[in-house]
Amino acid sequence: MGNVKHLAFIISSAALLAACSSPVKVTEPAPVVESKPAETTAPAEQTRTVAPVETKSIDPLDDPKGVLANRSVYFDFDSYVVREDGKPVVENHAGYLTKNSNRQILVQGNTDERGGAEYNLALGQKRAEAVRKSLTALGVPEGQIEAVSLGKEKPKAEGHNEEAWAQNRRADIVYK
Amino acid sequence: MRTMKKLNTLILTAGVLASLSAHAQLRVEITGVGSNQIPVAVAAFGDESVSPTQISKIIKTDLERSGAFKIIDAGTIADTNNVDLAAWKAKGADALVVGTVQKGADGSFTVRYKLMSTVQNAKLSQLDQQAAPQFTRLAGHKIADDVYEKLTGVRGIFATRIAYVTQQGRSYRLEVADSDGENVQLALSSNEPIISPSWSPDGTKVAYVSFEQKKPVIYVQNLITRQRTVIANEKGSNSAPSWSPDGSRIALALSKSGNTQVYIANSTGGGIRRISNSSGIDTEPQFSADGQSIYFTSDRSGGPQIYRMSANGGDAQRVTFTGSYNISPRIASDGKSLAYISQRGGKFQLYVMDLASGQETRLSDNTNDQAPSFAPNGKYILYSTESGGRKALAVVSVDGRVKQRLTIQAGAIKEPTWGPFMK
């Protein structure tokens with residue numbers, strides 16, 4: 001996508017350069033011919049019809065101060081159980097998803113950096129599955145949720161200490 | 001000699017950086033020597049200055065890096081047909097490598113080499129190769145392979161390649177390099193992680209896990225044609241691909257049942273079937289050398305341990321028993337030894353196990369080893385480790401005596417995997 005934009009930029013720049021290289025006389029502007037618009041009268045049935053507009057109610061998902069803005073569930077070391085502090089997060093999103101059956105989510109599980117890439121991927125999956133199960137227990141249909149793992153590959157906190165590791169033992173709810 | 005070599009490497013690195021700043025130039029450092037070093041004299045090849053690479057230097061560096069040889073510099077021997085072998089025997093050499101390079105009218109090079117035994121006072125081997133300019137390095141590696149095989153009885157791995165992933169910020173690159181870290185070629189670049197590359201047995205394709213779709217998906221990429229095939233994009237995570245020895249199947253791990261389990265797919269795509277059955281994690285499947293068994297990591301007993309089952313599934317036998325965290329099994333091509341990572345005393349370290357006796361040997365003094373893979377001749381293990389806070393690659397001989405470290409100038413290098421023998 002970035003590349004496409006880049007390419008488009010290069011092409012447009014090239015076009016611009018090409019345009020610049022062809023001789024242009026700036027002192028003699030091209031004559032502007034003003035044409036008068038034809039005077040016409042629209043028929044009454046076209047000017048007297050009103051098309052109604054309804055203001056949209058704000059999607060609570062888009063409210064940066066709303067409860068749905070919190071989309072992360074944290075886990076203890078070597079634990080794959082949703083903690084007490086994660087339960088409201090799961091409940092809030094379960095409420096939204098059951099009311100909005102057209103919305104689908106990815107639950108991305110994560111781990112801290114210690115250990116092998118593939119085993120951590122499987123551990124991250126366990127965290128994602130724990131959140132998925134909590135959501136389905138609250139009535140969210142399976143079809144709206146996909147539990148996946150990023151393992152230790154995409155740490156939110158880059159540090160190599162317990163503080164960073166605690167941030168990375170996490171599952172994120174990502175709306176598709 | 002040692003300082004000189006380092007300096008050369010530095011100059012080379014700087015030169016390459018100047019021309020190809022995005023490329024990961026590997027720097028190789030060697031420590032330790034083998035137990036029985038064979039003394040070999042290597043002569044500068046006649047007219048080798050016409051070639052873009054100094055063939056005799058590649059041979060010397062390869063043989064030295066293996067730890068199996070003590071290299072004696074033989075100067076230049078232009079007349080390779082009249083060599084005084086007795087004189088070289090007197091200088092302590094068991095064997096002598098001589099050769100010539102000729103530039104052809106079409107721009108290609110003819111590289112001729114002979115291996116002479118001073119002990120038997122006879123020619124042990126010879127090889128004539130025709131090489132395009134960009135393949136003169138390869139010609140040198142093939143000669144080193146022949147010397148290694150004739151003198152040790154084991155097939156050489158200098159002409160094989162490795163694959164690995166580099167990361168600089170959000171830029172991930174899957175690269176392929178010669179076994180000496182030279183001749184780096186980009187296979188895939190992405191803004192999302194790439195893990196678990198695995199070579200096809202013929203060395204023309206690599207299977208890997210890419211996160212470009214916001215989740216792990218398994219691809220097979222043809223290195224020659226660039227063609228990519230999705231091997232598994234099932235609901236959930238798709239990971240840990242590994243080829244069957246005949247190249248027809250790929251073992252992998254899928255989470256579509258709600259827990260990570262081992263499956264097998266056709267290497268051309270499709271045909272996915274489950275072969276492991278536990279209520280926990282089964283992952284990192286690896287075919288045995290004969291293709292009959294699969295080794296894998298499972299937490300069925302609590303922490304992760306290595307197990308073995310039939311490639312058709314069924315009951316599994318536990319293989320590792322020491323420590324509470326044993327992962328990433330890799331089997332040597334002779335089927336006799338298992339390399340893996342074990343966490344003991346807070347350190348993740350490379351171990352090798354003799355499967356017949358169950359005897360374990362620790363091969364690393366580092367603290368954060370990952371992703372081991374055997375050289376195709378079974379004599380070396382490539383793995384990722386940490387060095388001075390940075391991710392680096394390391395190679396160790398299976399007897400633990402010879403060690404190499406491969407580092408890059410900037411960023412991380414990880415997920416290495418040693419490629420197969422190639423034609």
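Just so we're on the same page: letters track the sequence lines, and every chain starts at 1.
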Tabulate, in ascending numerical order, the residues of residues 103-112 of chain A having at least one heavy atom closer than 4.5 Å to a heavy atom of chain B, or enter 'none'. A:L106, A:Q108
Chi angles and distances behind the side chain to side chain contact (heavy atoms under 4.5 Å, CB included) call for B:D299, A:K126: CA-CA 12 Å; B:D299 71 350; A:K126 278 176 79 171; 3.7 Å; yes
Given that the side chain runs from C-beta out, which part of B:I327 has a heavy atom under 4.5 Å from chain A: side chain, backbone, both or neither? side chain
Shortest non-hydrogen contact between A:E146 and B:E234, atoms and distance: OE2-O, 4.0 Å
Let me know if B:Q167 has heavy atoms under 4.5 Å from chain A in its side chain, its backbone, both or neither. neither
Relative to chain B, which segment of A:K176 carries a heavy atom at a distance below 4.5 Å: side chain, backbone, both, or neither? neither
Can you establish whether the number of heavy atoms outside B:Q317 located under 6.0 Å from its atom CD is more than 12? yes
Measure distances from A:A147 to the heavy atoms of chain B and classify the residue's part below 4.5 Å as side chain, backbone, both or neither. backbone
Is any side-chain heavy atom of B:S328 closer than 4.5 Å to a side-chain heavy atom of A:E118? no
Part of A:R114 within contact of chain B (heavy atom distance under 4.5 Å): both
In this structure, OH of A:Y119 is separated from CD1 of B:I341 (nearest 0.5 Å) by 15.0 Å
Using side-chain heavy atoms (C-beta onward) and a distance below 4.5 Å, is B:T283 in contact with A:L121? no
Atom pair CZ/NZ of B:F211 and A:K154 - distance to nearest 0.5 Å: 9.0 Å
Can you give me the closest heavy-atom contact between B:G258 and A:R132, atom names plus distance? CA-NH2, 4.2 Å
Please classify the contact between B:Q370 and chain A as side chain, backbone, both or neither, with a heavy-atom cut-off of under 4.5 Å. side chain
Name the region of B:S239, side chain, backbone, both or neither, that has any atom closer than 4.5 Å to a heavy atom of chain A. both
Side-chain heavy-atom pair B:N259, A:E129 within 4.5 angstrom cut-off: no
Tell me whether the count of non-hydrogen atoms from other residues, nucleotides or ligands lying under 6.0 Å of NZ in B:K347 goes above 12. no
Structural part of B:Q261 lying under 4.5 Å from a heavy atom of chain A: neither
Backbone of A:S149 reached by a side-chain donor or acceptor of B:S237 within 3.5 Å: yes
Apply the test side-chain hydrogen bond (donor to acceptor under 3.5 Å, both in side chains) to residues A:Q125 and B:S255: give CA-CA distance (whole Å), side-chain angles for both, the deciding distance (0.1 Å), then the verdict. CA-CA 8 Å; A:Q125 186 70 35; B:S255 73; 3.1 Å; yes
Distance col, row A:L150:CG vs B:K214:NZ, nearest 0.5 angstrom, shows 11.0 Å
Considering all heavy atoms of both residues, which atom of B:Y325 and which atom of A:G116 are nearest to each other, and what is their separation? OH-N, 3.4 Å
In chain order, what residues pass the salt bridge (charged side-chain N to carboxylate O under 4.0 Å, His left out) check against A:D78, with sequence neighbours excluded? none
